Amino acid sequence: MIAVRNVGFEVRNRRLLHEVSFDVHPGQFWAIVGANGAGKSTLIKLLSSELAPASGSVFFQGKDLKKYELKELAKKRAVLAQQNTITLSFSTQEIVLMGRYPFYDTEPEQRDLAIVDLCLKKVGIASLKDRLYPTLSGGEQQRVQLARTLAQIWETENGLLLLDEPTTGMDLLHQFETFQLAKVMTSRGFGVVAVVHDLNQALQYADQVLMLKGGQTFASGRAEDVLTEEHIKAVFGLNVQVIRPENTSYPIIVPQVAAALLSEN
Ligand SMILES: Nc1ncnc2c1ncn2[C@@H]1O[C@H](COP(=O)(O)OP(=O)(O)OP(=O)(O)O)[C@@H](O)[C@H]1O
């Protein structure tokens with residue numbers, strides 16, 4: 001679905017990404033992990049075609065991203081960006097309706113409004129429909145953006161969902177629900193690529209992980225193979241233990257100081 005081939009990106013002779021390659025297949029959930037400044041958001045911008053690679057190529061459904069019309073692309077892939085600063089007084093409903101812009105010309109149809117309502121419900125903000133966006137809390141605003149993103153791809157099959165730190169500001173329940181929604185999209189044949197800071201969430205939800213260090217691939221592959229104690233130490237400079245509690249189906253990463261404390265009790 002997405003084939004990333006040796007992509008590189010530079011700003012004023014500063015190399016932000018170098019020779020990154022990976023493939024996202026339908027139904028896969030990829031987490032991009034790495035320290036601050038590793039190039040994760042830059043990579044999401046290249047995948048969404050917000051930025052064009054300085055070298056290499058990104059193919060989406062077999063066609064070079066550069067060859068897509070923006071409207072054609074908008075019907076197949078949606079992006080939840082890291083920063084969504086909107087200060088204008090749009091209502092929640094108006095923001096989510098923006099996700100339907102690629103699908104109607106001047107006026108939304110009944111179907112578009114119904115999808116907006118459905119997506120508002122899916123992320124648990126139906127009661128905020130008429131509220132002005134700038135008056136919402138940070139976590140509520142993030143859920144509005146998630147609803148907008150979902151509304152854009154609600155009727156798409158085998159599309160692509162790009163999420164840059166999707167759960168920023170969300171409480172525990174809504175973080176869980178956001179990842180569950182992303183999983184539902186993979187079951188509909190979507191590829192999901194998400195920047196994830198919480199490595200335990202990456203282990204819990206992602207099938208595949210791309211670990212970046214200094215703009216380059218440090219490791220990529222199955223989540224459990226990439227998120228090892230050695231790799232985490234090398235990339236984040238933190239000693240961790242990867243433990244396997246009996247009652248969870250996935251391992252858990254514990255910073256070593258905390259692990260030592262746990263073993264004392
Ligand atoms: N337009 C730009 N001009 C100069 N440097 C830039 C520009 N955009 C990004 N950078 C730098 O490129 C590096 C990678 O940025 P990027 O936002 O991709 O990192 P990230 O891995 O998403 O970081 P974080 O975890 O902090 O969100 C950073 O050091 C950033 O300061």
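For ligands, and for the atoms within them, numbers begin at 1 and follow the listed sequence. The structure displayed is predicted, hence computed values, not measured ones.
Sorted by chain then number, the residues whose non-hydrogen atoms approach ligand 1 to under 4.0 Å are Val11, Arg12, Arg14, Leu16, Ala35, Asn36, Gly37, Ala38, Gly39, Lys40, Ser41, Thr42, Gln82, Glu165, His197.
Clustering of Ile, Leu, Val, Met, Phe, Trp and Tyr side chains at separations under 4.5 Å leaves Leu173 isolated, with no partner residue.
Ion pairing of Lys67 with Glu72 is absent here, as no side-chain N (NZ or NE/NH1/NH2) approaches a carboxylate O to less than 4.0 Å. Looking at Asp171 and Arg143, no side-chain N of the basic residue comes within less than 4.0 Å of a carboxylate O on the acidic one, giving no salt bridge.
A cation-pi geometry, defined here as NZ or CZ lying under 6.0 Å from the six-membered ring centre and within 45° of its normal, holds between Lys63 and Tyr68.
Residue pairs meeting the salt bridge (charged side-chain N to carboxylate O under 4.0 Å, His left out) criterion with at least one member in residues 119-130, sequence neighbours excluded: Asp117-Lys129.
For His174, there are no ring pair (Phe, Tyr, Trp, His ring centres under 6.0 Å) partners, not counting sequence neighbours.
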